[in-house]
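The structure appears right after this line, and notes come after that.
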Amino acid sequence: MAERFSSGEAQYWPIYGSSTTTPTVSNSPIASVFHQLRSHSPTSSQLFGFLALFISSGILLFLLGVSVTAAVLGFIVFLPLIIISSPIWIPVFVLVGGFLTVSGFLVGTVTVLSWTYRYFRGMHPVGSNQMDYARSRIYDTASHVKDYAREYGGYFHGRAKDAAP
């Protein structure tokens, strides 16, 4: 089972499934199993990756369990207080939500009006060059369509006159 190198007397035992050695018994089921295991075995970097994935997944699963448990226990403990004070909290949430909605719409409206004012006064607000480019593209496309209609509209109109009795 030992092989000799041509450069010296070094000997080694063959590793099953390696490309440099051939098993002594080619039809041996053990050799074929070792060959299959060797060809499908992960590399050391893949093993470390799986290990890191396993450890981080375990930590995250543990933290998820702690968080869900704390949330459920907190809900159970504070449920009587929530039920008793619900006539106060529901109007507060509605008022705060309405105030935040109106404030957001107001800020958006003021921003749009400010941008429009600066754009028409020539102060070049952010995004005005894109607006000018889009406006020029729309104008160019409309003029091309108008020219095309003038050029070919007369042709179709003249052909319709010829076809009519």
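The figures that follow rest on heavy atoms only: side chains count, while hydrogens, waters and symmetry mates do not.
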(message) Taking transitive links into account, so neighbours of neighbours count too, which hydrophobic residues share a cluster with Y117 at under 4.5 Å side-chain distance?
(response) M123

(request) Report the residues that fulfil side-chain contact (heavy atoms from CB on, under 4.5 Å) with R137, sequence neighbours left out, ordered by chain and then residue number. (result) Y133

Would you mind writing out the side-chain donor-acceptor pairs for residues 91-101 within the sub-3.5 Å range, not counting sequence neighbours?
{"from": "T101", "atom 1": "OG1", "to": "G97", "atom 2": "O", "distance (Å)": "2.8"}

(message) Out of the candidates T109, V110, T111, only one should pair with L113 under the side-chain contact (heavy atoms from CB on, under 4.5 Å) rule; please name it.
(response) T109

Name the atoms and distances for all side-chain donor-acceptor pairs under 3.5 Å in residues 48-76, with sequence neighbours left out.
{"from": "S56", "atom 1": "OG", "to": "A52", "atom 2": "O", "distance (Å)": "2.9"}
{"from": "S56", "atom 1": "OG", "to": "L53", "atom 2": "O", "distance (Å)": "3.2"}
{"from": "S57", "atom 1": "OG", "to": "L53", "atom 2": "O", "distance (Å)": "2.7"}
{"from": "S67", "atom 1": "OG", "to": "L63", "atom 2": "O", "distance (Å)": "2.9"}
{"from": "T69", "atom 1": "OG1", "to": "G65", "atom 2": "O", "distance (Å)": "2.7"}

(request) Only counting residues at least two apart or in another chain, list the ones meeting side-chain hydrogen bond (donor to acceptor under 3.5 Å, both in side chains) with R135. (result) Y119, D132

(request) Please name all residues satisfying side-chain contact (heavy atoms from CB on, under 4.5 Å) with T116, sequence neighbours left out, ordered by chain then number. (result) V112, F120

(request) Could you list the residues that satisfy side-chain contact (heavy atoms from CB on, under 4.5 Å) with T43, not counting sequence neighbours? (result) S45, Q46

(request) List in chain and number order the residues that pass side-chain contact (heavy atoms from CB on, under 4.5 Å) with V126, two or more places apart in sequence or in another chain; answer none if no residue qualifies. (result) none

(request) May I have all residue pairs that pass side-chain hydrogen bond (donor to acceptor under 3.5 Å, both in side chains) and include part of residues 72-87, sequence neighbours excluded? (result) S85-W89

